[in-house]
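Note sheet for the following structure.
Residue numbers start at 1 and run along the sequence shown. Counting starts at 1 for both ligands and their atoms, following the listed order.
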Amino acid sequence: MSLHDAYHWPSRTPSRKGSAIKLNKTLLDHLKELEFQFTVPTDLLKRVTERFVSELKRGLTTQPGDIPMIPTWVTSCPDGSETGSYLALDMGGTNLRVCEVDVQGNGKFDIIQNKYRMPQALKTGTREELFDYIATCVKKFVEENHPEGDKKLEIGFTFSYPCKQASIDDAVLIAWTKGFDIDGVEGESIVPLFSDALKRVGCNNVTLNAVLNDTTGTLVASNYTKPGTEVGVIFGTGCNACYIERFDEIPKLHGYRLPADMSMIINCEWCDFDNQHVVLPRTKYDLAIDADHPRPGLQTYEKMIAGCYMGDILRRILLDLHENGVMFANQDVTKLRDPLAMDTSVLSMIEVDPFENLDETEQLLENTYGLTTTEEERHLIRRTCELIGTRAARLSACGVCALVLKTKKQSMMIGTDGSVYNKYPHFKERLEAAFKEVLGEEVGGKVITTPAEDGSGVGAALVSALQAKGKALTKEALDKVRK
Ligand code: BGC
């Protein structure tokens with residue numbers, strides 16, 4: 001029996017006024033099937049969350065599990081006294097940024113930055129091409145902003161991919177995510193790879209002093225401007241969270257002499273939740289995305305909820321409808337066959353199409369993919385986007401609710417960033433509705449996501465400042481406390 005067989009056809013309220021649709025029988029039957037596959041009812045949300053809590057706990061022990069719960073070695077959030085100027089480098093899924101942040105204390109800062117789009121080809125090129133590109137961007141920034149040339153500069157690197165960290169100044173890539181697939185980096189420390197590239201491009205006055213995940217930067221930066229923030233979450237191209245944990249709740253770190261009440265930011269790296277396929281309701285489209293992925297079997301949760309995949313889910317559904325003779329009959333669907341043809345912004349645009357006849361959707365499908373549609377078909381497509389977007393938000397909520405339950409909090413302030421959170425229509429409302437379904441009105445209503453301060457820039461600078469104060473532990477510091 002499949003997971004879904006256990007559930008009755010859910011009665012759902014449409015996510016917007018006006019999405020009530022009159023469809024012919026064929027379209028309606030297909031829509032019902034999609035509704036069935038993509039709807040996550042409350043009891044399933046609760047079961048996913050329950051499993052999530054046990055996996056978060058397991059990750060803190062030495063037992064093998066799906067969620068690695070990586071110690072970041074950042075042992076404190078800023079207390080407002082941090083000051084100074086720090087360089088920060090941010091390699092996300094789409095852009096590369098080099099920044100200089102003037103940390104002024106008490107939640108204040110100034111930032112200058114250069115932003116570069118990561119060329120698509122770099123994501124599957126060689127490791128030298130990748131790191132030389134990054135190092136060249138750093139060099140350009142330093143030459144523009146520090147023309148004196150000989151000043152020694154330290155840089156904090158926000159590297160938003162799952163890494164094992166033996167200290168704040170080391171990070172070994174576990175596996176590429178977000179469409180990157182470059183040989184010779186997985187299993188390697190990115191520190192020498194980046195430092196060697198700096199030398200190759202002749203940028204000799206910059207040294208790497210901290211590596212952090214974007215969620216860590218988000219938490220630290222949000223806590224700096226909104227003290228009390230305890231969790232950092234990214235809902236973007238990828239998806240992940242970090243939170244503050246007491247040292248005595250992290251059994252796998254008992255090889256260190258550190259005070260039991262000391263806290264540490266833990267990078268959950270929850271994109272791998274349910275790689276064992278116990279609880280997530282995967283559809284045939286999720287299975288196909290996984291099978292065609294360079295890392296099949298990994299990042300199960302992320303593949304269902306992150307911006308990197310939502311467009312591809314829609315693309316595969318549309319192709320499926322075509323192959324079943326439901327849509328685009330006798331039309332050339334070649335453009336739709338390109339695996340990179342559709343990104344999440346397409347779903348966003350369709351969800352916010354203001355016209356009753358979905359005129360903008362019609363233009364979009366015609367101009368971008370050369371496909372003509374009837375009004376009825378467009379309503380089915382829009383409803384499909386709502387289903388994908390709603391499922392993403394509701395399953396995303398499970399991770400957050402699991403952190404609330406794991407830490408036994410009655411409320412939580414969450415610094416939140418990422419393109420899906422910031423730009424995807426209704427994502428925040430759908431997320432918050434699911435918090436209440438899982439945790440109840442009282443607690444769920446006090447789980448507050450707020451748009452984060454620039455985590456990868458300001459956060460990286462603040463982590464460098466914490467490192468300078470001995471609150472982000474280097475290899476040298478850790479050697480002294482290892483039992
Ligand atoms: C990466 C995480 C990152 C998240 C958000 C995931 O694909 O594995 O390290 O925090 O994306 O950017």
4.5 Å side-chain heavy-atom contact, Ser419 and Tyr424: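 No. Closest side-chain heavy atoms not under 4.5 Å.
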
Ring centroid separation Tyr301 to Phe52 under 6.0 Å: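 Centroid separation for Tyr301 and Phe52: below 6.0 Å.
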
Salt bridge Glu386-Arg394, side-chain N to carboxylate O under 4.0 Å: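 Here Glu386 does not pair with Arg394 in a salt bridge, since their nearest N and O are not under 4.0 Å apart.
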
Around [atom], find the nearest protein heavy atom and jot down its residue, atom name and distance.
atom	value
atom 1 (C) of ligand 1	Ser160 O, 3.4 Å
atom 9 (O) of ligand 1	Glu269 OE2, 2.5 Å
atom 6 (C) of ligand 1	Glu302 OE1, 3.2 Å

Proximity flag Pro162 to ligand 1, non-hydrogen atoms under 4.0 Å: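 Yes, Pro162 has heavy atoms under 4.0 Å from ligand 1.
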
Ser189 side chain to Asp170 side chain, donor-acceptor N/O pair below 3.5 angstrom: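 Side-chain D/A pair, Ser189 to Asp170: present.
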
Ligand-side contact atoms (ligand 1) for residue partner Asn213, heavy atom cut-off under 4.0 Å: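 Those atoms are 2 (C), 3 (C), 9 (O), 10 (O).
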
For Thr177, atoms of ligand 1 separated by under 4.0 Å from a heavy atom: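 Near Thr177, meaning under 4.0 Å from one of its heavy atoms, ligand 1 has 1 (C), 6 (C), 7 (O), 8 (O).
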
Residues in side-chain contact (heavy atoms from CB on, under 4.5 Å) contact with Thr124, at least two apart in sequence or another chain: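 In terms of side-chain contact (heavy atoms from CB on, under 4.5 Å), with neighbours along the sequence ignored, Thr124 is linked to Asp181.
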
Heavy-atom nearest option to atom 12 (O) of ligand 1, drawn from Asp214, Leu173, Ile70, Ile234: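 Answer by nearest heavy atom: Asp214.
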
Summary of ring-ring contact (aromatic ring centres under 6.0 Å, His included) pairs that have at least one residue in residues 91-126, sequence neighbours excluded: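 Found none.
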
Ligand 1 contact on Cys308 by region, counting heavy-atom pairs under 4.0 Å: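 The answer is neither.
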
Nitrogen or oxygen atoms of Thr215 and ligand 1 under 3.5 Å apart: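 For ligand 1, there is no N or O atom that lies under 3.5 Å from one belonging to Thr215.
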
Evaluation steps, side chain to side chain donor-acceptor pair (under 3.5 Å), between Thr283 and Asp286: CA-CA 5 Å; Thr283 65; Asp286 302 307; 2.8 Å; yes

